[in-house]
Undergrad: 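Can you keep this structure in mind? I'll have questions shortly.
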2 protein chains.
Amino acid sequence: MQDAYTRFAEYVATQRLKMTPQRRHILEVFLGQNGHVTSEELYELVKKSYKTIGQATVYRTLKLLSGSGLAKEVDFGDGVTRYELHGQDHHDHLICERCGRNEEVLDETIEKLQEEVAKRHGFTLTRHKMYLYGLCPDCRG
Amino acid sequence: MQDAYTRFAEYVATQRLKMTPQRRHILEVFLGQNGHVTSEELYELVKKSYKTIGQATVYRTLKLLSGSGLAKEVDFGDGVTRYELHGQDHHDHLICERCGRNEEVLDETIEKLQEEVAKRHGFTLTRHKMYLYGLCPDCRG
DNA sequence: TTAAATGCAAACGATTTGCAGGCGT
DNA sequence: ACGCCTGCAAATCGTTTGCATTTAA
């Protein structure tokens, strides 16, 4: 089982792209995060260990990571794109409307039903997004 | 059973806001649409019957309509906010990744399971978004 | 050597906002 | 009258892009 770094290096190679120090740094910092990060957040983090990095490079690299399958875009609908590690573990999101707390959830039955719904309409399902919004235990007061 | 116009008028009144000709026009055109519209699209449509209308007024009114419960925001994740009539009929979206075709879908079992997932995590569910992406029959080739 | 990558700043597209004048209530 | 509204343009915000210059392969 190869590590994320090797996986990315291979992806970059097969695409005839280049492995640069910037990309290495960004990947490393990204891997160090858990949960999701915005491009902006990652940019700030990367700058600590790579002062001259440009904002655009982070945006571009995050897209690359997304293309390689290492990162996954998630969109909570607030106008900011977030990225999270894309393991083999798919999950959806349960978000507290008051405090923003976010829990990853997964329900296999729902997953299967989604396939069925698509099939019922003649579609071939490739992916889906499901966001559940509500109040978390702490905020329900 | 009161019509949408009256409903909006009442909402506007209770909020101590005003019913203006612009808002009337925008509501009317919005009601004439079926499916979803972007702010931009609605702006273009409204301009036909109200030449001097401003872009900002449409944006502002759409938010108002959303607040009144008459309209509902939907976000396909492409950076544009769409609005659709918010009847009592909730539905989710099945979107073709190639041609953009969009079908409204609803599965009661999924709806119930979503409640359960939330409850399992101690959350009280207030709303959700579910977007299924895939290839429609025509694009599957 | 040479196509790709970088950093910068300017460009972008959707949405928001400040403001002076207008207009429902 | 009093505030809410409007239309306009300028401002924002996240993100993308053009470009001259490096740099990995």
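Labels below follow one simple rule: chain letters A, B, ... track the order of the sequence lines, proteins then strands, and each chain is numbered from 1.
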Undergrad: Taking any atom closer than 4.0 angstrom to a non-hydrogen atom of chain B, what span of DNA chain C does the protein reach, first nucleotide to last?
TA: dA14(C) to dT25(C)
Undergrad: For Asp92(B), which of Glu103(B), His128(B), Lys129(B) qualifies under side-chain contact (heavy atoms from CB on, under 4.5 Å)?
TA: His128(B)
Undergrad: Of all the base pairs, Watson-Crick or G-U under 3.5 Å, which form stems of three or more consecutive pairs involving DNA chain D?
TA: C:1-10 with D:16-25, C:12-14 with D:12-14, C:16-25 with D:1-10
Undergrad: I'd like to know if the side chain of Arg82(B) reaches the main chain of Gly35(B), judged simply by a donor and an acceptor atom lying under 3.5 Å from each other, with no hydrogens or angles considered.
TA: no
Undergrad: What does nucleotides 11-20 of chain D look like as a protein-contact string, B for base, S for sugar-phosphate only, - for none, at under 4.0 angstrom between heavy atoms?
TA: ---SBBBB--
Undergrad: Does the side chain to side chain contact (heavy atoms under 4.5 Å, CB included) test come out yes or no for Thr61(A) and Gln22(A), once each step is laid out?
TA: CA-CA 9 Å; Thr61(A) 303; Gln22(A) 289 91 332; 5.8 Å; no
Undergrad: Is there a path of hydrophobic side-chain contacts, each under 4.5 Å between heavy atoms of I/L/V/M/F/W/Y residues, joining Ile53(B) to Tyr83(B)?
TA: yes
Undergrad: What residue among Arg98(A), Glu97(A), Arg101(A) forms side-chain contact (heavy atoms from CB on, under 4.5 Å) with Cys139(A)?
TA: Arg98(A)
Undergrad: What about Leu45(B) and Tyr50(B), same hydrophobic cluster or not, with Ile/Leu/Val/Met/Phe/Trp/Tyr joined at side-chain heavy-atom distances under 4.5 Å?
TA: yes
Undergrad: Could you list by number each residue of residues 21-30 of chain B showing a heavy-atom separation from DNA chain D of less than 4.0 Å, or answer none if no residue does?
TA: Gln22(B), Arg23(B)
Undergrad: Quick one: ring pair (Phe, Tyr, Trp, His ring centres under 6.0 Å) partners of His93(A), sequence neighbours excluded?
TA: Phe76(A), His91(A), Tyr131(A)
Undergrad: Honestly curious: do Tyr5(A) and Val12(A) fall in one hydrophobic cluster under the side-chain, below-4.5 Å linking rule?
TA: yes
Undergrad: What do the steps show when you test Gln114(A) against Met130(B) for side chain to side chain contact (heavy atoms under 4.5 Å, CB included), and what is the final call?
TA: CA-CA 10 Å; Gln114(A) 289 169 329; Met130(B) 186 174 83; 3.2 Å; yes
Undergrad: Please answer: with hydrophobic residues joined when any side-chain heavy atoms are less than 4.5 Å apart, are Ile95(A) and Leu135(A) in the same cluster?
TA: no
Undergrad: With side chain to side chain contact (heavy atoms under 4.5 Å, CB included) as the criterion, how do Glu84(B) and Glu104(B) come out once you've worked through the C-alpha distance, each side chain's angles and the decisive distance to 0.1 Å?
TA: CA-CA 12 Å; Glu84(B) 61 183 30; Glu104(B) 303 181 343; 4.3 Å; yes
Undergrad: Please confirm whether the backbone N or O of Lys18(A) pairs with a side-chain atom of Arg23(A), one donor and one acceptor, at under 3.5 Å?
TA: yes
Undergrad: Count I, L, V, M, F, W, Y as connected when their side-chain heavy atoms are under 4.5 Å apart, and connections chain through other members. Are Leu85(B) and Val29(B) then in the same cluster?
TA: yes
Undergrad: Pull out every residue in residues 9-20 of chain A that has a heavy atom closer than 4.0 Å to any atom of DNA chain D, ordered by number, or say none.
TA: Lys18(A), Met19(A)
Undergrad: Tell me if a side-chain donor or acceptor on Thr14(B) pairs with a main-chain N or O of Tyr11(B) at a distance below 3.5 Å.
TA: yes
Undergrad: Is it the case that atom CD in Glu44(A) sees more than 12 heavy atoms from other parts of the structure closer than 6.0 Å?
TA: yes
